[in-house]
Number of protein chains: 2
Amino acid sequence: MKYDHIKQSLYRKIESGEWPEHHPVSSENKLAEEFSVSRMTARRALQELSDEGLVVRTRGAGTFVAPLKSQSALLTIRNIADEIRLRKHRHHAVVQLLEDVVAEPGLATLLQLPQGARVWHSVITHFENGQAVQVEDRYVNPVLVPDYLKQDFTAHTPHEYLCEVTPLTEASHQIEAVLPSKQQQIWLELAMPEPCLQIQRRTWTREGMVSQAVLTHPGSRFRLGGHMTFNKKQQNKPSL
Amino acid sequence: MKYDHIKQSLYRKIESGEWPEHHPVSSENKLAEEFSVSRMTARRALQELSDEGLVVRTRGAGTFVAPLKSQSALLTIRNIADEIRLRKHRHHAVVQLLEDVVAEPGLATLLQLPQGARVWHSVITHFENGQAVQVEDRYVNPVLVPDYLKQDFTAHTPHEYLCEVTPLTEASHQIEAVLPSKQQQIWLELAMPEPCLQIQRRTWTREGMVSQAVLTHPGSRFRLGGHMTFNKKQQNKPSL
DNA sequence: TAGTGGTCTAGACCACTTT
DNA sequence: AAGTGGTCTAGACCACTAT
């Protein structure tokens, strides 16, 4: 795939910081010549980078590396450890539970397992600079992820592991504000109950549902942020 | 734009339900002939519909209307009134405040107004089947939206009005769990304090920041949900 | 085997921005 | 005036799916 080769080449320039924000990107004609392809092929590479928000194109002016703020979408699947490291803070995890349990009827149905089947269950507290910011209570499909219990989740998070072994194709989220249960309060090392942001996340692969996680964050220590830009496509899209 | 004409034609078939899920869509060659365009142009229409998640394409097999579940993205800008109506519930709004106030220093800076400038301020409670589910506390840029105070926000929400008069290009969100202030508690008709999901949303147009809204929802009456699918592009995208 | 989508070419005309 | 991106054409070859 020639257009992908061009894309990868441009990715590297942008990702490495060699081309900072607003740096001009070679024009369609230049790229076509450099890579010995037709202009339509070079154009496709630039167009896809534009769709992904990495570059901004202006008719008559040229193509430029996009300002960072327009790059990220809201609530892409997040990994708490990455986020903490991104803030240059220390992350560590404590595994509270790692076991197999009988699945509740609703969960068994979701995972397409027979009633009474056993599923993997983990509870992990995540710390940012020594302070508990999330307790992750997760159930995992043993058919799709047989080796889940053998992992060392102080070294890498369940999310990282699941992304490696299964290509996620879908996810759903539910966010609500709750008071923590007594058990959650202990896991979060909260002296007093306080409002918590609770995210339930389910992920799917092509073969079925992989995992359900309930992530509980103390309201005083955690905030979920996001930024989005609207591109032409989203604007034309009917609401349905 | 010929490709857009084809897209609009296909939108109508899908949106109206004339073509249900999995219904076959005309092939590139058929569309090219029907609309008297080259295959590349017909292809572009189908490709964009595919990028938007409205159709699914399989090499060798054809193009088909996508199953509904793969259509919606997470946390697109939401309108509380639409959501309530979508659930077939009754919505009504009570305007608690509609005034101009001196902007706080931070807000004035964000809106690129001089310190001490006045901004529009509205507080509106939204009800679902007679129960308060959101209090919307909003500040609006008077330069970009001069007629804000003249609107009747029991008839249409500020969000609807702002979308009409300004083409939004960007938005940021912050979500947290909090206890409501006494004033919020009154506006939400809460007998007792309870955890609330609070969303701060800022929106921009090309000329600058339009509005800041703080949306507070009682945890017991509101849950934020979302669904997302991962397409090829997102998977190839480097994390940055 | 016929039809489909995926990729690619080598041109073309246009509207727009920059110089 | 020169260069840019936006659109479009009329071909082509390939890998894949359905029959």
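Quick caveat: nothing in here was measured; it's all calculated off a predicted structure. Every chain is numbered from 1, with letters handed out A, B, ... down the list of sequences.
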Closer than 4.0 Å, any side-chain N/O of [X] to the OP1 or OP2 of [N]?
X: B:T63; N: C:dT4; answer: no
X: A:R57; N: D:dG6; answer: yes
X: A:Y3; N: C:dT7; answer: yes
X: A:S27; N: D:dT4; answer: yes
X: B:S38; N: D:dG11; answer: no
X: B:T58; N: D:dC16; answer: no

Among the candidates [options], find the nucleotide nearest to the side-chain atoms of [X].
X: B:E28; options: D:dT7, C:dG5, D:dG11; answer: C:dG5
X: B:A61; options: D:dT17, C:dC8, D:dA12; answer: D:dT17
X: B:Q47; options: D:dG11, C:dG6, D:dC8; answer: C:dG6
X: A:R43; options: D:dG5, D:dT9, C:dT7; answer: D:dG5
X: A:R44; options: C:dT7, C:dA10, D:dA10; answer: C:dT7
X: B:M40; options: C:dC8, D:dC13, D:dC8; answer: C:dC8
X: A:K30; options: D:dT9, D:dC13, D:dT4; answer: D:dT4

How about [X] and [Y]: does a side-chain donor come under 3.5 Å of a side-chain acceptor?
X: B:Y148; Y: B:S211; value: no
X: B:E136; Y: B:H126; value: yes
X: A:D152; Y: A:T154; value: yes

For the pair made of [atom1] in [X] and [atom2] in [N], what is the distance, rounded to whole Å?
X: A:K7; N: C:dT7; atom1: NZ; atom2: C1'; result: 14 Å
X: A:F35; N: C:dC8; atom1: CZ; atom2: C1'; result: 16 Å
X: B:L49; N: C:dG5; atom1: CG; atom2: C1'; result: 15 Å
X: A:H5; N: C:dT7; atom1: NE2; atom2: P; result: 16 Å
X: B:M1; N: D:dG5; atom1: CE; atom2: P; result: 18 Å
X: B:L31; N: C:dG3; atom1: CG; atom2: P; result: 16 Å
X: A:L46; N: C:dC8; atom1: CG; atom2: C1'; result: 16 Å
X: B:N29; N: D:dT9; atom1: CG; atom2: P; result: 14 Å

Query - Inter-residue atom distance A:H217.NE2 - B:I175.CD1, 0.5 Å rounding - result: 11.0 Å

Query raised in the report: Would you say the side chain of A:R59 and the base of D:dG3 hold a donor-acceptor pair, judged only by whether the two atoms sit under 3.5 Å apart?
Result: no

Report summary line: Whichever of A:K2 and B:V25 has the more 5' nearest nucleotide on DNA chain C, that residue is B:V25

Report task. Determine the interplanar angle of the A:Y161 and A:F153 rings, folded into 0 to 90°, and report it as parallel if under 30°, tilted if 30 to 60°, perpendicular if over 60°. Result -> perpendicular

Query raised in the report: Would you call B:K30 and B:E34 a salt bridge, using N to O less than 4.0 angstrom?
Result: no

Query - 5' precedence on DNA chain D between A:R39 and A:G60 (nearest-nucleotide basis) - result: A:G60

